[in-house]
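Have a look at the structure below, then the notes.
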There are 2 protein chains.
Amino acid sequence: MAKAENSDGEKLVKAFHGAHHAHGRCVGRALSRADALCRQRGARLTTMRRRVLELIWDSHKAVKAYDLLDRLSDGEKPVRPPTVYRALEFLMAHGLVHRVDSLNAFVGCSGADADHNAQFLICQQCGDVSEMDGAAIGKAVARQAQLAGFTVRRQTVELHGECPRCTAS
Amino acid sequence: MAKAENSDGEKLVKAFHGAHHAHGRCVGRALSRADALCRQRGARLTTMRRRVLELIWDSHKAVKAYDLLDRLSDGEKPVRPPTVYRALEFLMAHGLVHRVDSLNAFVGCSGADADHNAQFLICQQCGDVSEMDGAAIGKAVARQAQLAGFTVRRQTVELHGECPRCTAS
DNA sequence: GAAAAAATGTTACTTTATAACAATGCATTT
DNA sequence: AAATGCATTGTTATAAAGTAACATTTTTTC
Ligand SMILES: [Zn+2]
Ligand SMILES: [Zn+2]
Ligand SMILES: [Zn+2]
Ligand SMILES: [Zn+2]
């Protein structure tokens with residue numbers, strides 16, 4: 001995976017994926033990471049939880065809870081909201097999924113660490129969401145807040161704009 | 001109003017208000033700013049819109065739309081959701097109010113410019129929300145995004161943590 | 001296998017927000 | 001002032017997002 005380096009010399013994973021990238025790999029990586037992480041923690045990645053995670057990773061767009069619901073339901077056996085929300089709760093608790101507040105929607109975590117404050121780049125054109133684990137932003141933000149005497153515990157950083165692909169075309 | 005200065009030498013309005021500050025001034029300032037801005041733009045700050053703005057400025061906490069609804073309604077004449085949401089829409093369009101996505105709630109704008117990307121400091125203890133117009137964050141964020149080839153058009157930056165007052169006590 | 005714990009199913013409901021159309025208010029022209 | 005046009009508010013209904021409480025099933029532990 002390509003890397004860029006910012007002015008602080010910090011490594012930054014390239015955020016956006018090409019249109020025709022081998023997405024199976026993204027999914028595969030996410031699922032095996034989930035498997036490993038859950039095994040290691042003694043948490044149970046049940047069928048339902050795994051299905052939800054797979055559905056979320058179906059694309060790089062943020063997914064609405066009720067869309068998941070629809071996709072999980074077949075005419076005979078409708079799945080109910082609590083089922084999906086519980087799966088999401090589990091996946092979020094384990095850092096496998098993030099909620100994007102400004103969209104009321106969910107994306108798979110592509111970050112490295114289990115617990116992290118991520119920032120999101122959200123393309124207004126194509127809808128793709130990309131996670132940045134730029135510690136630099138986190139620090140800049142925390143430093144600025146500190147000037148106001150504020151201690152940051154959790155941050156929501158969601159940037160809406162244009163991704164490189166959509167800018168190009 | 002007290003000022004702090006960050007490492008870039010940039011001015012930063014002191015974010016949090018004391019517990020017993022003269023809040024009438026905050027309200028007064030907000031309302032006259034609204035008056036002036038609307039007059040200047042030929043926009044109509046109607047009674048309903050003004051009432052909503054006043055209610056929002058009742059405190060420095062973020063207010064839920066349905067709380068506004070309750071406070072606007074008296075037993076006889078209930079106010080309906082669209083009324084409140086329309087007032088909020090107007091106030092947001094003119095930069096007099098911001099929506100705090102991570103809270104599904106609204107706060108009065110205490111910023112200077114009409115159109116700006118603000119950051120919010122949200123105290124998890126007392127609920128007070130403070131607006132920072134730290135251009136430094138905006139720039140840091142945009143710069144980092146640029147490394148990923150992303151163009152930022154709108155940013156949601158909401159920091160949850162402890163305000164100075166609550167930290168002190 | 002029985003008991004306990006965890007996960008899922010089910011019902012009902014709360015909270016947040018919007019669509020569509022009717023009525024009213026306000027401003028300008030005649 | 002009456003007529004016209006547009007902006008605002010009222011009203012009804014419904015969509016969208018999320019949760020509480022309890023029943024049932026599955027999995028683990030003893
Ligand atoms: Zn992919
Ligand atoms: Zn992540
Ligand atoms: Zn005040
Ligand atoms: Zn503002």
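In what follows, chains carry the letters A, B, and so on, assigned in the order in which the sequence lines appear, proteins first and then strands, with residues in each chain numbered from 1.
- Pairs engaging residues 118-130 of chain A under the salt bridge (charged side-chain N to carboxylate O under 4.0 Å, His left out) rule: Lys61(A)-Asp128(A), Asp128(A)-Arg165(A) [sequence neighbours left out].
- Following rounding to the nearest Å, Leu72(A) (CG) and dA7(C) (P) show an atom-to-atom distance of 18 Å.
- The list of ring pair (Phe, Tyr, Trp, His ring centres under 6.0 Å) pairs with a residue in residues 59-80 of chain A, not counting sequence neighbours, reads His17(A)-His60(A), His21(A)-His60(A), His23(A)-His60(A), Trp57(A)-His60(A).
- Contacts of Phe120(B) classified as ring-ring contact (aromatic ring centres under 6.0 Å, His included), with partners at least two apart in sequence or in another chain: His98(B).
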For residues 73-80 of chain A, please give each side-chain donor-acceptor pair under 3.5 Å, one per line with the distance, not counting sequence neighbours.
unit_1, atom_1, unit_2, atom_2, d
Ser73(A), OG, Leu69(A), O, 2.9
Ser73(A), OG, Val79(A), N, 2.8
Asp74(A), OD2, Glu76(A), N, 3.4

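- Atom pair Leu68(A):CG and dA16(D):P shows a separation of 15 Å (rounding to whole Å applied).
- Separating the CG atom of Asp101(B) from the P atom of dA16(D) is a distance of 19 Å, rounded to the nearest angstrom.
- Qualifying ring-ring contact (aromatic ring centres under 6.0 Å, His included) partners for His160(A), counting only residues two or more places apart in sequence or in other chains: none.
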How does protein contact run along nucleotides 8-21 of chain C, one letter per nucleotide 5' to 3', with B for base contact, S for sugar-phosphate only, - for none, heavy atoms under 4.0 Å?
BBBB----BBBB--
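- Under the rule for a ring-ring contact (aromatic ring centres under 6.0 Å, His included), Phe106(B) has no partner lying at least two apart in sequence or in another chain.
- Side chains of Val63(A) and Arg71(A) form a contact here, defined as non-hydrogen atoms less than 4.5 Å apart.
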How would you summarise protein contacts on nucleotides 25-30 of chain D per nucleotide, using B for base, S for sugar-phosphate only and - for none, with heavy-atom distances below 4.0 Å?
--S---
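- Judged as a salt bridge (charged side-chain N to carboxylate O under 4.0 Å, His left out), the pairs with a partner in residues 83-100 of chain B (not counting sequence neighbours) are, in order, Arg99(B)-Asp101(B).
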